[in-house]
Amino acid sequence: MTRTNLLALLALGTMAALAAFSQADALQSTKAVKQISVTIIITPSPAPVVMHRSAPVDAPPTHSVAVAPAIMELVADPFGGPLLLASSGSVWDVPPSGLMIAQAITAQPTPVPVRFNAKPDPNAAYFRIIPHTSVLNVPYGTTTFACVFEIFTHYTTAHSLADWAWGTTNTAQAGTYPMQNNPTTSYLSWAVPDLAATFHAYANAGSPGEKTWSGLAGQTQQHCVDLTIVVPNSQPPDPTPPYYNATAQYTLIVS
Amino acid sequence: MMRTLIAAAAALLMTATPAFAAGTPTYGSARINYKVLPSVKAQIIPNYMSGFGPQGGTGSGSNPAPGPAAVLNGGTVDFGNVVVGFQYLYKYAAQVNVQTNDSAGFVVYAEGATDLNGSNPVPTPATFPLAQTLFWLVNNSGNTPFSPAASFNRTLGTPIGANGLNGIDYSGTGGVPSAGSAVWSSPTSGNLSQGFDYQLRLSGSTPISQFDVYIVYTVVGN
């Protein structure tokens, strides 16, 4: 009888706990989402060079070689003799002869007008991203950038901020550099030095990702986000557009 | 065709004039050799394909739509109303068509004639940086507001006309745009086209205003 009561009590407790947590989950909602993109330009760095002293080698024996007189004259005076113009008619845009004037051939069509009407963000009072560095020029290896952007959060009730490597998911496909797809670890990591010095690889297994920070009811926070990026030797450089790109999505979740 | 006519006229003059003078017509021919200098021509078509316009702004609470100045095969690349702090992709923004007989090909450069000019209301300051706000990327069906893209930059040349309405004068900067503004190149001659999408990344510090800018394309033969 006692055992039966104990089991019943345990089951009741489990049910109550489940109900409470489920209700808490249900009360949470996404208040706002925002994305931040950074351009990553991999600039090849010179490989370290170590000079080795070469082993002494005996000089090869010299031999006399008969040279034609014309070649000897050319060696003695490379610019002597009649003026020669090396050319191949098919290679030149215009075969060279007579008067030629070097000129840039250009065309500039009518410009393209671009317009947009910037409207205020209705959620700006609760959630803002303030970018500071939009382009990360990185060498191979590991590089850390301080305060690449700041995030502002505020809400009247308890809330949290989550981050996710935009567009990533949990899949066998490795994804694109630098965010990749889970279970491949992202090459881009973040830290909020105001809260902790630890860097976390961006969550890349789906939205909303991992918790960046939490806030109490009515709490206002604005923190810098540092980024660390790893460029493995296997990653090709991207000296020309469109370059590598990393987009992180931040979600404000309120209770 | 013009060269053919000139050649025919020259031939006529060289042969016919003495004949008329003598009163007896005679006929002959003259061979004229001429060289063709490289030439480059180009046209830009904004909103060059049906389906043009902005997309994105996920989470902003509004759906983007082309502004009234955008029309098919012309007009303005008009993103319409966009929300500060969000990113947008403008499909089929501009198509560059190049015709050249230059066997060495060409390079196409694109720069902003100015920074973004604010109006209605006029912000303080009146301009906002073009760099890292407006981007370009080669048209592709898989493009998104977050696809890798390269930023347009304000030119070092001199805008011609109001805000660069008539282009950019590069005479003070070596005659050509900066190398970093190259957007497309071809190693061969021909009649070639390339479509571009634009991307708008509005930081939280973008003022509330209507912004305009002229993007100037310059084609230079190699």
Side-chain angles (χ1 to χ4, degrees), chain A residues 30 32-40 90-95 97-98 100-101 103-124 127-135 149-150 152 166-167 176 238 240-249 251-252, chain B residues 35 37-44 46 58-61 67 69 76-87 94 102-104 113 132 134 137 146-150 164-165 167-168 175-176 198 200-221:
Chain A
T30 297
V33 296
K34 290 187 186 303
Q35 298 86 17
I36 174 89
S37 292
V38 291
T39 299
I40 297 160
S90 62
V91 172
W92 294 77
D93 292 352
V94 177
S97 66
M100 292 188 69
I101 300 173
Q103 56 184 323
I105 310 299
T106 65
Q108 196 175 90
T110 304
V112 176
V114 178
R115 169 176 294 175
F116 61 88
N117 283 292
K119 298 295 182 185
D121 177 9
N123 289 319
F127 184 23
R128 295 194 295 272
I129 297 179
I130 303 107
H132 294 302
T133 307
S134 300
V135 180
F149 53 91
E150 291 179 79
F152 168 93
W166 186 89
T176 55
D238 59 337
T240 57
Y243 310 119
Y244 294 112
N245 190 69
T247 299
Q249 175 170 296
T251 305
L252 180 64
Chain B
K35 299 180 176 66
L37 289 171
S39 67
V40 171
K41 294 180 181 177
Q43 305 83 37
I44 309 291
T58 304
S60 68
T76 298
V77 175
D78 191 344
F79 283 82
N81 293 331
V82 289
V83 180
V84 166
F86 291 88
Q87 298 186 194
D102 191 333
S103 59
Q132 302 305 316
L134 187 65
L137 61 170
F146 309 110
S147 294
L165 168 68
I168 298 172
V176 293
Y198 288 179
L200 192 59
R201 301 180 184 178
L202 293 178
S203 73
S205 60
T206 310
I208 306 306
S209 180
Q210 173 180 298
F211 286 96
D212 290 272
V213 69
Y214 288 103
I215 300 298
V216 179
Y217 288 83
T218 305
V219 187
V220 180

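Every chain is numbered from 1 and lettered A, B, ... according to where its sequence line falls, protein lines coming before strand lines. Remember, it's a predicted structure, so these values are computed and weren't measured experimentally. What's counted below: heavy atoms across the whole structure, side chains too, no hydrogens, waters or symmetry copies.
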* To do: Report the C-alpha separation of Ile168(B) and Tyr214(B) in whole Å, then their side-chain angles, then the decisive distance to 0.1 Å, and conclude whether the side-chain contact (heavy atoms from CB on, under 4.5 Å) test is met.
  => CA-CA 10 Å; Ile168(B) 298 172; Tyr214(B) 288 103; over 6 Å; no

* Asked: Do any N or O atoms from the side chain of Asp102(B) and from the backbone of Pro38(B) form a donor-acceptor pair under 3.5 angstrom?
  -> no

* To do: Could you have a look at Ile44(B), Val40(B), Val82(B) and say which one has the most heavy-atom pairs with chain A under 4.5 angstrom?
  => Val82(B)

* Given side-chain contact (heavy atoms from CB on, under 4.5 Å), test Gln249(A) with Thr58(B) step by step and report yes or no. => CA-CA 11 Å; Gln249(A) 175 170 296; Thr58(B) 304; 5.9 Å; no

* Gln132(B), part contacting chain A, at a heavy-atom distance under 4.5 Å -> side chain

* **Region of Thr218(B) in contact with chain A, defined by heavy-atom distances below 4.5 Å** => both

* Structure fact -> Ranked by heavy-atom pairs below 4.5 Å to chain B, first place among Lys34(A), Lys119(A), Gln35(A) goes to Lys119(A)

* **Shortest non-hydrogen separation from Ala94(B) to Tyr217(B) and the atoms involved** => CB-OH, 4.1 Å

* Just wondering, do Tyr243(A) and Val135(A) contact through their side chains at under 4.5 Å, heavy atoms? -> no

* Asked: Okay, side chain of Asn245(A), backbone of Phe146(B): is any donor-acceptor separation there less than 3.5 Å?
  -> yes

* Given a strict heavy-atom distance threshold of 4.5 Å, which part of Ile130(A) is in contact with chain B: side chain, backbone, both, or neither? -> neither

* With the side chain counted from C-beta on, respond yes when Tyr244(A) and Thr176(A) share a heavy-atom pair under 4.5 Å apart, and no when they do not. => no

* Structure fact -> Looking only at Val33(A), Thr110(A), Val112(A), most heavy-atom pairs under 4.5 Å shared with chain B are made by Val112(A)

* Residue part contacting chain B, namely of Pro131(A), when any heavy atom lies under 4.5 Å -> side chain

* Name the region of Leu200(B), side chain, backbone, both or neither, that has any atom closer than 4.5 Å to a heavy atom of chain A. => side chain

* Is it the side chain or the backbone of Ile40(A) that comes within 4.5 Å of chain B heavy atoms, both, or neither? -> neither

* **Region of Ser134(A) in contact with chain B, defined by heavy-atom distances below 4.5 Å** => both

* **Part of Leu137(B) within contact of chain A (heavy atom distance under 4.5 Å)** => neither

